[in-house]
Amino acid sequence: MDSKEIIARRIALELKDGNVVNLGIGLPTMVSNYLPKGVNILLQSENGFVGLAPVKDVDPDLVNAGGQPVGLVPGAAMFDSCTSFMLIRGGHVDATVLGGLQVDSKGNLANWMVPGKMVPGMGGAMDLVSGAKKVIIGMEHTAKDGTPKILVNCDLPLTGKGVVNMIVTELGVIRVIPEGLGLILEETAPGVTPEEVIAKTQAKLTISPNLTTMKL
Amino acid sequence: MDSKEIIARRIALELKDGNVVNLGIGLPTMVSNYLPKGVNILLQSENGFVGLAPVKDVDPDLVNAGGQPVGLVPGAAMFDSCTSFMLIRGGHVDATVLGGLQVDSKGNLANWMVPGKMVPGMGGAMDLVSGAKKVIIGMEHTAKDGTPKILVNCDLPLTGKGVVNMIVTELGVIRVIPEGLGLILEETAPGVTPEEVIAKTQAKLTISPNLTTMKL
Amino acid sequence: MEKVISIEKALDKINDGATIMIGGFLGVGNPPTLVDALIKKNVKNLTLIANDTARPDLGIGKLVVNKQLKKAIVSHIGTNAETGRQMIAGELSVDLIPQGTLAERIRCGGAGLGGFLTPTGVGTIVEDGKQRLVLSGKSYLLEMPLRADIALLYAQKADKFGNLVFRRSSRNFNPIMAFAADVVIVEAKEIVEIGQIDPDEVMVTGVVVDWLVQGKGGNA
Amino acid sequence: MEKVISIEKALDKINDGATIMIGGFLGVGNPPTLVDALIKKNVKNLTLIANDTARPDLGIGKLVVNKQLKKAIVSHIGTNAETGRQMIAGELSVDLIPQGTLAERIRCGGAGLGGFLTPTGVGTIVEDGKQRLVLSGKSYLLEMPLRADIALLYAQKADKFGNLVFRRSSRNFNPIMAFAADVVIVEAKEIVEIGQIDPDEVMVTGVVVDWLVQGKGGNA
């Protein structure tokens, strides 16, 4: 099982039957492949609908927020961009799953910009993190060169301040305590020790007294 | 021709073909009976549609803002209350015709409340006067006891400040100069002298150099 | 999740002292079955958010006559003399709000926004106690979001997930209130299977609807 | 009033230096015939308000490649590397705005409101230069309305008065932009007679539409 699959599988277990969920582009999209039996979620797409399904017949008028052809489930509904963000900001989306460049000890998230290098724009990410009831970040634990991505303080421009509820990596599951009170390591992946997670994390991690092995 | 017909007939001449117009309850509603040939206007109803027509078959789901059964013209469109006021406040309504209790020299309007006596609520009137491109007040020139309704300063609670463009009464047509610069008597009804209008008006009226007889 | 419930179960969710939004405009678009059941249950001390209080014998007006309201937040009292009487006698507190501002405040409450600036009411008593901002030379009032514990709404048609379709002028406040209450109960004239309403024709997504009640038809 | 005009007459209304809103999301819901004609006319120094700049070979993206824009107000540049290149080279000014805030600012501009308060962007660089208000302990940014000289929109179907119906995810920004520009030009895939669209099915009233152009079909 590769890192991405571990992350996607674990996040899938966080979603409850009937949840309305917005999945970011890339890894987060994989989450819907690993939902437990009996758990049906409704996917919201910020370009204007709920009820996103895998594509069957390509319809040029129907794409997801990444511009890729998709389908619709029975019960889907289309709307305009304003209504889409009424849903998102208004607390009508139960969870959003996004990738991250950096998360810090206060639950700050940076995932939209690397000054001078990558400036694609924030799209709907800033609204999603300020409005979704639960913000789950799914990302590899460290950058490709091994440097930590879970930091004391983000140094990249923020997507949102104090917005992250949960971080899932291939090494473990970390819960963010509200009000900037720190990070708790709640689960470690099979074969991974808490010490290894701590070594690869710049922010201080408190080990949960109920630490368990990551459910997959 | 009674006072109300004079007022309604004269206001009808102010409306242009294709105008989107909101008519208040009562006298203003009569305006649509006197449109010149070739002048078609589209009536907006603040409870959520454009394209109001006289009732043919009563439909319990279709009433005007006064709760009376109405019909629809071809090309009508229904919407929710928020969209209705986007149209009104957003300058998409060309004119509104409303009744008045008092209008003053600065274009202030009072037409929604007599403290202790009549407190029905402002409904959509305050939005209409702040958003419609042209605000026309159609009312009898004086109260039933003969006291003036066109005053130096309104003493009833205002519906809007500096919002009136034009006052049409059974005695004449008065234009409000923007920025609180006063009132101009532009037309008098057949058989009515400017002196009579001035005598029945508390606010100062400047007589237009182009004073004409009221077109009816 | 099964959203279609009995009228009794729907009413279990409404208790004395609740803040309730009810759709409709002078009785048209009120949920008649829900309103009649509210009267039968006789819950008291309600705060009502609605466009108007209709007529004494119609829609919301009957709640006024039955003295179930302690406060009404409306744009006008309708042609309901009883609302006027209770208001002047001090038995009922009435907040009068310009209709466009009322609609926008409800939308704001459902959209996660903190407020908005409107030109409506500047220089009138509506301005009392509000912040006035001048932007680009034009004056605006800062108006706040409005939310409720419960919304009681009416739709022409719903699928079992709660996707809603409205008809003619019975639409009015119903779509915006659907976003702005903690619990949203919709009375639908017709309830169809999921998938029977084309996604383009849905006017309000079932995401915001909690419970559905089959309407008995007719007016309240 | 006859609203259906030729593509040439529609383009006469757009001049160098104009601020233009264009509907669409990554190319879907752009008006393809209008965009292609804009390129042919080669108007310059445009300020674009749109969700994104799509792809170099798709929709609005082609306007970037053809160097017709001096400024783009968007939520992201799409997968258009040319926008990124011009931005970094200083040839094109790009204002990046959170998508929900962009949509709401456009709605605000069309609704006669002076601004709104949103939690989106608090504590990020989006806050720079903006007023922050704290209400009931929560922080909000004051965001301003956005309007354009011209809106170029796409609809699946229009009647000759300009009543619009959209299809699937090509709806996106089109309905809100229809309220927020001085001149609104809509390219419709299908144009029908007045009265052929039921009033309940109209998604945007023709009141806000100035001109209609028959689409040639296909993507931009």
Side-chain angles (χ1 to χ4, degrees), chain A residues 25 45-49 52 59-72 76-91 106-110 112-113 115-131 154 156-163, chain D residues 23-29 51-55 58 72 74-80 83-84 87-88 94-104 106-108 118-127 139 154 156 166-178 189 203-204 218-219:
Chain A
I25 299 168
S45 192
E46 63 257 39
N47 55 326
F49 57 106
L52 183 149
D59 175 344
D61 285 339
L62 185 59
V63 298
N64 64 13
Q68 299 307 308
V70 291
L72 294 174
M78 317 306 293
F79 32 76
D80 64 42
S81 297
C82 246
T83 308
S84 186
F85 285 90
M86 276 181 78
L87 282 170
I88 289 170
R89 257 190 338 253
K106 295 187 176 101
N108 297 331
L109 169 69
W112 76 280
M113 184 182 180
K117 283 190 186 168
M118 184 197 82
V119 197
M122 68 289 281
M126 286 193 182
D127 302 281
L128 278 164
V129 298
S130 77
C154 293
L156 291 173
L158 297 186
T159 308
K161 206 166 177 176
V163 293
Chain D
F25 192 110
L26 291 174
V28 175
N51 181 62
D52 56 74
T53 57
R55 296 201 311 258
L58 180 75
V74 294
S75 83
H76 62 95
I77 65 174
T79 45
N80 192 333
T83 309
M87 178 168 57
I88 288 162
V94 177
D95 279 6
L96 293 171
I97 297 179
Q99 199 170 120
T101 299
L102 179 63
E104 197 69 22
I106 293 166
R107 178 184 181 274
C108 197
T118 181
T120 301
V122 169
T124 75
I125 60 172
V126 165
E127 186 167 340
S139 294
Y154 176 75
Q156 175 73 13
F166 305 96
R167 184 173 177 276
R168 299 300 189 246
S169 68
S170 70
R171 190 182 314 191
N172 56 68
F173 280 75
N174 286 295
I176 47 176
M177 288 177 171
K189 192 167 176 185
M203 296 181 188
V204 167
N219 280 319

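Quick note on labels: first sequence line is chain A, next is B, and so on, each numbered from 1.
For A/Ala76, no part lies under 4.5 angstrom from a heavy atom of chain D. Residue A/Ile88 does not touch chain D at all, counting heavy-atom pairs closer than 4.5 Å. Within the 4.5 angstrom heavy-atom criterion, only side-chain atoms of D/Leu26, from C-beta onward, approach chain A. For D/Met203, no part sits under 4.5 Å from any heavy atom of chain A, backbone or side chain.
A distance-only check finds a donor-acceptor pair linking the side chain of A/Asp127 to the backbone of D/Gly100 [under 3.5 Å]. D/Ser169 places a side-chain N or O within donor-acceptor distance of the main-chain N or O of A/Val63, the cut-off being under 3.5 Å.
Across all non-hydrogen atoms, the minimal contact from A/Cys82 to D/Arg107 is SG-CB, 3.6 Å. In terms of heavy atoms, A/Met78 sits closest to D/Arg171 at O-NH2, 3.6 Å. Nearest approach of D/Pro119 to A/Arg89, heavy atoms of both residues: CD-CD, 4.2 Å.
The choice from A/Thr159, A/Asp59, A/Asn108 that makes the most heavy-atom pairs within less than 4.5 Å of chain D is A/Asp59. Heavy-atom pairs under 4.5 Å with chain A were tallied for D/Gly121, D/Gly29, D/Pro98, D/Gly84; the largest tally goes to D/Pro98. The candidate from A/Gly48, A/Gly67, A/Gly123, A/Gly124 with the greatest count of non-hydrogen atom pairs under 4.5 Å with chain D is A/Gly123. Looking only at heavy-atom pairs under 4.5 Å with chain A, the residue among D/Asn51, D/Asn174, D/Ile97, D/Ile88 that has the most is D/Ile97.
Within the 4.5 Å cutoff, the side chain of A/Ser81 has no heavy atoms near those of the D/Gln99 side chain. Residues A/Leu72 and D/Arg168 are in side-chain contact: their nearest non-hydrogen atoms beyond the backbone lie under 4.5 Å apart. When side chains are defined from C-beta on, D/Ile125 counts as touching A/Met113, because their heavy atoms get closer than 4.5 Å. The side-chain heavy atoms of D/Thr101 and A/Met126, taken from C-beta on, include no pair separated by under 4.5 Å.
Here the CZ atom belonging to D/Phe25 is positioned 7.0 Å from the OG atom belonging to A/Ser45, to the nearest 0.5 angstrom. Here the CG-OG1 distance, from A/Leu109 to D/Thr124, works out to 11.0 Å after rounding to the nearest 0.5 Å. The CD atom of D/Glu127 sits 11.0 Å away from the CG atom of A/Leu158 when rounded to the nearest 0.5 Å.
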Test log, rule side chain to side chain contact (heavy atoms under 4.5 Å, CB included), inputs A/Met122 and D/Val126: CA-CA 10 Å; A/Met122 68 289 281; D/Val126 165; 3.8 Å; yes
Stepwise side chain to side chain contact (heavy atoms under 4.5 Å, CB included) check, D/Leu96 with A/Trp112: CA-CA 11 Å; D/Leu96 293 171; A/Trp112 76 280; 4.0 Å; yes
